[in-house]
Amino acid sequence: MSRIRVLIVDDHVLVSQALAELLRLQEDMLVVGQAHDGEQAVKLARSLNPDIVLMDIEMAGQPDAGVKATQHITAQYPQTRVVMLTIHTEEEFLFEAIKAGARGYVLKNAAAAELLETIRAVHRGEAQLNPTMALKMLEEFRKLSAVRSRPEAEYIHLTEREKEILSLLAQGATNPEIAQRLKIAEKTVRNRLSIIFDKLHINNRTQAALFAIREGLSPRD
């Protein structure tokens with residue numbers, strides 16, 4: 001039987017070792033490597049060719065390190081699938097992980113059985129979300145549908161600059177990255193985002209990003 005080749009990425013050595021021990025107990029899984037930051041994860045994904053990368057979102061104090069590594073891995077090695085393992089329950093983290101190409105999202109307080117089933121399901125080609133996070137994402141889509149039902153919220157009221165900012169946000173860019181791409185101040189980005197939220201009658205970055213995708217302002221990968 002061919003085993004599922006797993007690369008573990010977590011900057012906490014004890015967590016990484018505990019995960020490795022759990023996976024090694026499974027007859028259908030093989031731990032091929034362990035990385036402790038995003039850069040190392042990308043390099044090992046290239047050299048080890050894992051089936052699954054079990055990826056922490058926040059590493060070395062960088063809240064988006066895992067998301068950026070996931071973007072690189074899914075773009076360069078489409079045969080490798082990423083499962084995010086994180087403490088974060090905020091829907092913004094979930095949305096950014098999905099945009100980066102993650103196929104699964106498991107909370108670190110989940111039972112071992114849930115983690116193992118997620119790895120197996122993603123390896124089969126399925127998408128797998130923690131039930132709580134799936135409900136949050138559905139709620140965001142419900143809110144977005146309510147926004148779309150109001151004519152005054154149509155994106156036509158946005159300026160071209162606001163559309164550019166919204167598009168970059170939907171691609172997972174942070175405020176500093178948006179500022180750099182558009183050659184404007186980060187404070188300007190924050191102010192424009194507040195205006196965008198007001199115009200669209202939405203409350204957060206996740207809803208704004210979902211709106212952008214619905215309106216074709218963000219490329220669909």
Side-chain angles (χ1 to χ4, degrees), residues 6-20 22-23 31 33-46 48 50-78 80-112 114-119 121-123 126-140 168-178 204-210 213 218 221:
V6 182
L7 169 63
I8 298 171
V9 185
D10 197 300
D11 63 340
H12 291 92
V13 176
L14 289 178
V15 172
S16 181
Q17 291 176 345
L19 290 170
L22 172 65
L23 300 189
V31 177
Q34 298 178 57
H36 302 299
D37 59 51
E39 183 177 353
Q40 187 181 20
V42 175
K43 291 179 179 178
L44 289 181
R46 179 176 62 249
L48 299 175
D51 300 307
I52 299 291
V53 176
L54 193 55
M55 178 82 73
D56 192 11
I57 284 186
E58 183 174 357
M59 291 178 285
Q62 300 178 24
D64 61 348
V67 171
K68 288 184 176 180
T70 297
Q71 287 175 328
H72 286 293
I73 291 171
T74 56
Q76 297 177 32
Y77 318 109
T80 297
R81 294 164 180 164
V82 178
V83 173
M84 309 303 294
L85 183 63
T86 178
I87 61 172
H88 293 293
T89 60
E90 296 88 346
E91 54 269 27
E92 285 83 359
F93 286 95
L94 170 63
F95 182 78
E96 290 182 8
I98 292 174
K99 276 292 296 176
R103 295 287 194 93
Y105 195 98
V106 183
L107 299 179
K108 283 189 174 180
N109 62 0
E114 180 182 335
L115 172 61
L116 296 172
E117 174 52 31
T118 297
I119 292 173
V122 171
H123 183 251
E126 303 171 15
Q128 195 87 350
L129 292 180
N130 169 277
T132 300
M133 302 308 294
L135 286 174
K136 287 192 174 188
M137 183 57 76
L138 289 174
E139 179 63 13
E140 292 300 325
L168 290 171
L169 183 150
Q171 295 173 51
T174 62
N175 285 3
E177 290 170 340
I178 293 172
N204 56 51
R205 297 173 70 91
T206 298
Q207 292 176 20
L210 290 172
I213 293 172
S218 176
D221 298 328

Measuring from [X]:[atom1] to [Y]:[atom2], what's the distance to the nearest 0.5 Å?
X	Y	atom1	atom2	value
I57	I87	CD1	CD1	9.5 Å
T80	I52	OG1	CD1	8.5 Å
I119	L23	CD1	CG	5.0 Å
R46	I73	CZ	CD1	10.5 Å
L22	I8	CG	CD1	8.5 Å
H72	E39	NE2	CD	9.5 Å

Check: Heavy-atom count around E117 CD within 6.0 Å, excluding the residue itself: above 12?
Finding: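 Check passes, neighbour count above 12.
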
Item checked: Qualifying residues under side chain to side chain contact (heavy atoms under 4.5 Å, CB included), relative to T174, sequence neighbours excluded ->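 For T174, the residues satisfying side chain to side chain contact (heavy atoms under 4.5 Å, CB included) (neighbours in sequence not counted) are D64, P176, E177.
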
Notebook entry, point to check: Who passes side chain to side chain contact (heavy atoms under 4.5 Å, CB included) against A208, sequence neighbours left out?
Noted result: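 Here the qualifying residues are L166, L169, F197, I202.
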
Measure across [X] and [Y] and return the closest heavy-atom pair with its distance rounded to 0.1 Å.
X	Y	value
A20	Q34	CB-NE2, 3.8 Å
A69	M55	CB-CE, 3.7 Å
M59	G38	CE-N, 3.8 Å
M84	A102	CG-CB, 3.5 Å
A35	L44	CB-CD1, 3.9 Å
P50	V53	CG-CG2, 3.9 Å

Next item on the list: Output, in order, the C-alpha distance, side-chain angles, deciding distance and verdict of side-chain contact (heavy atoms from CB on, under 4.5 Å) for V15 and L85.
Entry: CA-CA 11 Å; V15 172; L85 183 63; 5.5 Å; no

Notebook entry, point to check: Is there a donor-acceptor pair closer than 3.5 Å between any side-chain N or O of T86 and the backbone N or O of E58?
Noted result: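 Absent.
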
Notebook entry, point to check: Is there a donor-acceptor contact under 3.5 Å from the side chain of R103 to the main chain of R81?
Noted result: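 Not confirmed, R103 side chain does not pair with R81 backbone.
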
Next item on the list: With sequence neighbours excluded, tell me which residues meet salt bridge (charged side-chain N to carboxylate O under 4.0 Å, His left out) with K108.
Entry: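 Salt bridge (charged side-chain N to carboxylate O under 4.0 Å, His left out) list for K108, sorted by chain: D10, D56.
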
